[in-house]
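Each remark here refers to the structure printed beneath this line.
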Amino acid sequence: MNCHEANKSIECTVQQCTHHCDGANYCSLDKILVGTHESNPTMEQCTDCLSFVKK
């Protein structure tokens, strides 16, 4: 992974994402899109990072 720069405003622990900065729990994107897979989300498990790209 070539992390151009860790965005200290976006913490991330998903090491399987291509945007994850190896060695630091941050995302390399300038912004992310958070969405849901539920019609009426009520818990954090109902939300998704729609900017995720598998390594």
Side-chain angles (χ1 to χ4, degrees):
M1 156 63 199
N2 183 11
C3 179
H4 69 277
E5 186 173 333
N7 183 339
K8 300 290 178 130
S9 295
I10 305 174
E11 291 186 73
C12 180
T13 60
V14 182
Q15 296 179 4
Q16 297 81 0
C17 182
T18 193
H19 304 297
H20 183 268
C21 288
D22 293 331
N25 282 329
Y26 292 103
C27 182
S28 65
L29 294 174
D30 293 330
K31 65 179 182 176
I32 63 168
L33 176 61
V34 177
T36 184
H37 57 272
E38 302 283 337
S39 59
N40 184 23
T42 57
M43 303 181 332
E44 66 183 57
Q45 292 89 343
C46 300
T47 61
D48 305 293
C49 178
L50 299 178
S51 300
F52 173 83
V53 176
K54 186 177 179 345
K55 280 188 183 176

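Predicted model only: the values in this text are computed from it and were never measured. Note: hydrogens, waters and symmetry copies are ignored here, and every other heavy atom, side chains too, is used.
- Qualifying side-chain contact (heavy atoms from CB on, under 4.5 Å) partners for Val14, counting only residues two or more places apart in sequence or in other chains: Cys12, Gln16, Cys17, Phe52.
- The minimum heavy-atom distance between Asp22 and Lys55, with the atom names listed, is OD1-NZ, 2.9 Å.
- Taking every heavy atom of both residues into account, Cys21 and Cys27 meet most closely at SG-C, 4.2 Å.
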Check against side chain to side chain contact (heavy atoms under 4.5 Å, CB included), Lys54 and Thr18:
CA-CA 6 Å; Lys54 186 177 179 345; Thr18 193; over 6 Å; no

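- Across all non-hydrogen atoms, the minimal contact from Gln45 to His37 is O-CE1, 3.3 Å.
- Looking at Asp48, its side chain never comes within 3.5 Å of a backbone N or O of Leu50 through a donor-acceptor pair.
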Pair up each side-chain donor or acceptor in residues 29-36 with any protein partner under 3.5 Å, not counting sequence neighbours, and list the distances.
residue, atom, partner, partner atom, Å
Thr36, OG1, Glu38, N, 3.1
Thr36, OG1, Cys46, O, 2.6

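- Membership of an apolar cluster is not assigned to Tyr26, as no side-chain contact below 4.5 Å to another ILVMFWY residue is traced.
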